[in-house]
Visitor: 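Dropping a structure here in structure tokens format, bear with me for questions.
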Amino acid sequence: MADSFELGPFRPPSEAYSLLIRATRNCPWNRCRFCGMYKGRKFELRPVQEIKQDIEAMKGIRDGIIGLAWKSGYGDRVREVAATVLNKPPSQAFYNIALWMYGGGEYAFLQDANSLIMRTNELTEVLRFLRETFPGISRVTSYGRSKTAARKTLEELVEIHEAGLTRLHVGLESGYDRLLEYMDKGVTAAGHITGGRKVVESGISLSEYVLLGLGGKEMWREHAVETARVLNEISPNFIRIRTLSVHEGLPMYQYVQDGGFVRMTDEEIIDEERLLIEHLDCESNYVSDHIANLLQEIEGRLPADRERMLAVIDRFQALPAEERTNFRIGRRSGIYTYLDELHDSRKHTAVEQIIDRLSQGARQVDERAVYKMMEGFI
Ligand code: SF4
């Protein structure tokens with residue numbers, strides 16, 4: 001039996017301990033201007049047989065680690081043995097399986113960007129095989145595009161759910177048509193709603209990703225309000241927040257350089273997030289699980305936690321300007337996670353030193369330096 005398998009380059013942060021199964025290669029759309037994940041890589045469907053062989057190889061490695069636990073006297077304390085393998089993994093494949101086992105061995109994620117694009121019978125065959133091979137897995141998730149979900153019939157999505165897909169991560173990014181077109185997202189607000197609703201109706205748990213800052217200084221209000229409108233129509237299980245970063249090499253990098261797209265500052269993005277939350281009227285979990293989000297503690301269950309979430313924004317905005325700058329730089333340099341850490345004098349002083357260095361004593365930090373820090377950090 002093979003002791004290696006193919007791995008794709010990405011998974012969402014919430015799938016850090018998931019078993020990663022590469023169902024397709026790269027992104028079939030690959031045109032979004034803000035996304036560099038799969039640029040320059042060709043999309044390919046993988047033969048079902050090949051994916052099954054990978055799953056069998058994963059089982060072989062998993063069984064090997066279990067066998068090692070018994071041989072070395074750990075018995076069923078497999079997690080401890082997985083931790084040892086993680087310290088010195090013989091290969092990337094062993095590392096991935098050990099990490100999955102260390103995390104409890106309960107979750108799986110189908111890579112790459114849009115597994116829904118597989119023929120329904122092939123996707124369900126892979127899902128069933130995965131479930132039969134690893135009956136202990138309780139959650140199987142994947143990325144999918146709204147447009148592809150909209151093209152499937154409800155019956156197909158129900159079939160995919162019954163075969164074992166429990167959650168879908170969809171990049172909504174925005175609900176504002178002009179912005180979706182400008183960014184070449186390849187879907188309209190109406191398409192997002194059709195696809196999203198169908199997924200929810202099929203019983204598959206839906207995570208919709210929103211990209212703060214995507215509207216830039218020109219479209220931020222419409223971006224926030226229309227995104228909230230679309231989310232209200234879908235009522236996804238999760239709304240996951242991301243913040244725009246613009247790395248060199250992205251299609252939109254040139255727009256920024258030419259001045260056609262003017263980026264928002266951190267503080268403006270917080271205004272945008274407030275507007276978004278104020279307009280959200282759906283029953284969803286609002287999750288901020290990305291390091292690029294300035295106020296990662298804005299999380300909760302909507303609508304019940306709305307006021308508590310807005311209070312985090314109030315608290316940040318009520319800080320004196322120097323403290324807001326201190327927090328922003330501390331966040332962008334990885335020193336702070338939460339607002340409360342402003343009271344940690346050791347961290348506060350470390351951030352002050354960075355500000356002095358960046359501003360050469362002038363205490364005014366150039367916004368471009370903040371973007372650079374953020375992009376260097378993520
Ligand atoms: S569909 Fe998703 S992965 Fe593909 S280019 Fe757009 S954002 Fe990137």
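In listed order, ligands and their atoms are each counted from 1. By convention here, the first residue in the shown sequence is residue 1.
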Visitor: Determine yes or no for a side-chain-to-main-chain donor-acceptor pair under 3.5 angstrom, with R240 supplying the side chain and D289 the backbone.
Guide: no
Visitor: Among all residues two or more places apart in sequence or in another chain, which pass the salt bridge (charged side-chain N to carboxylate O under 4.0 Å, His left out) test with D340?
Guide: R315
Visitor: I want to check a possible cation-pi pair here: R263 against Y371, using under 6.0 Å from ring centre and within 45° of the ring axis as the test.
Guide: yes
Visitor: Considering only heavy atoms of Y38, which atoms of ligand 1 have at least one such atom less than 4.0 Å away?
Guide: 3 (S)
Visitor: Could you name all protein N, O or S atoms found under 2.8 Å from atom 6 (Fe) of ligand 1?
Guide: C32 SG
Visitor: Is any side-chain N of the basic residue among R331 and D266 closer than 4.0 Å to the acidic one's carboxylate O?
Guide: no
Visitor: Any salt bridge between E226 and R178, counting N to O under 4.0 Å?
Guide: no
Visitor: Do D112 and R41 sit within salt-bridge range, that is, some charged N less than 4.0 Å from a carboxylate O?
Guide: no
